[in-house]
Amino acid sequence: MSPKIDRTDPARILFIVFLLFMATAFESSAQQTMVRVNAPERISKDFDFTIDVDNALDLDSGQFDLEFDPGAIQVLDVKDGSLADQPVPIRLWTILKPGRIRVIFNFPGVRSVSGTGHLAKINARAIGKSGEITGLDIQRGLLVD
């Protein structure tokens, strides 16, 4: 004969609640913040691309460096992005060296912003031979809450 299990046993209920809590915690931690370059596959003349962010949480400010082939691409301008219907104000962008710019953004007067969108919209020009875009990489990224 197998022993009878009391389905109202407090230890059993606590264990089930614990398992549900852990499953929820695991699911929410799986949604990490991701930042990536969203550029067209082929370029010619002037073109735009964005620095996209997914699942930002309590974002207040940040910065990133963008590396690229200076023999193929010239960055002309960096414009504000948009995150969860809030503008992402670009405070500063500067050329650090040929093929590398730094972009700094900040949400003034806003405690924090969460959601998905793009941190910046970048206007660039294809120089030299037009064709496939390669080598756009984000470096030294920092997201501050």
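We count residues from 1, following the sequence as given. Computed from heavy atoms alone, side chains included, the values below leave out hydrogens, waters and symmetry copies.
Atom-to-atom distance recorded for T50:OG1 and I122:CD1 is 8.5 Å, nearest 0.5 angstrom. The structure places CD of Q74 at 8.5 Å from CZ of F68, a figure rounded to the nearest 0.5 Å. Atom-to-atom distance recorded for D69:CG and I127:CD1 is 8.0 Å, nearest 0.5 angstrom. Note that CG of D48 and CD1 of I43 are 12.0 Å apart. Values are rounded to the nearest 0.5 Å. Annotation: the span from F49 atom CZ to K121 atom NZ amounts to 11.5 Å, rounded to 0.5 Å.
Of all heavy-atom pairs between I73 and A124, the closest is CG2-CB, 3.8 Å. Smallest separation of non-hydrogen atoms from A120 and F64: CB-CZ, 4.2 Å. Taking all atoms of both residues into account, the shortest heavy-atom contact from L83 to V113 is O-CG1, 3.6 Å. Nearest approach of P108 to P89, heavy atoms of both residues: CD-CG, 3.9 Å. For L119 against I90, the heavy-atom pair with the smallest separation is O-CD1, 3.6 Å. Counting all heavy atoms, side chain and backbone alike, N55 lies closest to T33 at O-OG1, 2.8 Å.
Hydrophobic clustering (side-chain heavy atoms under 4.5 Å, transitive across Ile, Leu, Val, Met, Phe, Trp, Tyr) keeps I104 apart from L66. Grouping the Ile, Leu, Val, Met, Phe, Trp and Tyr side chains by contacts below 4.5 angstrom, directly or via other members, places I101 with V37. Both W93 and F105 sit in one connected hydrophobic cluster of ILVMFWY residues. Membership requires side-chain heavy atoms under 4.5 Å apart, directly or through other members.
Pairs of residues two or more places apart, or lying in two chains, never qualify as salt bridge (Lys or Arg N to Asp or Glu O under 4.0 Å) while including a residue from residues 76-91. Residues in residues 99-109 take part in these salt bridge (Lys or Arg N to Asp or Glu O under 4.0 Å) pairs, two or more places apart or across chains: D65-R100, D65-R102, E67-R100.
A donor-acceptor pair under 3.5 Å is absent between the side-chain atoms of S82 and the main chain of P87, judged by distance alone. With hydrogens and angles disregarded, no donor-acceptor distance shorter than 3.5 Å links the side chain of S112 to the backbone of D60.
Residue I95 qualifies as open at atom CD1: its count of foreign heavy atoms under 6.0 Å is 12 or below.
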The test is salt bridge (charged side-chain N to carboxylate O under 4.0 Å, His left out); show your working for R36 and D54 and say whether it passes.
CA-CA 9 Å; R36 67 183 179 289; D54 294 327; 2.6 Å; yes

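Annotation: side chain of V144 is not in contact with side chain of L59 (no heavy-atom distance under 4.5 Å).
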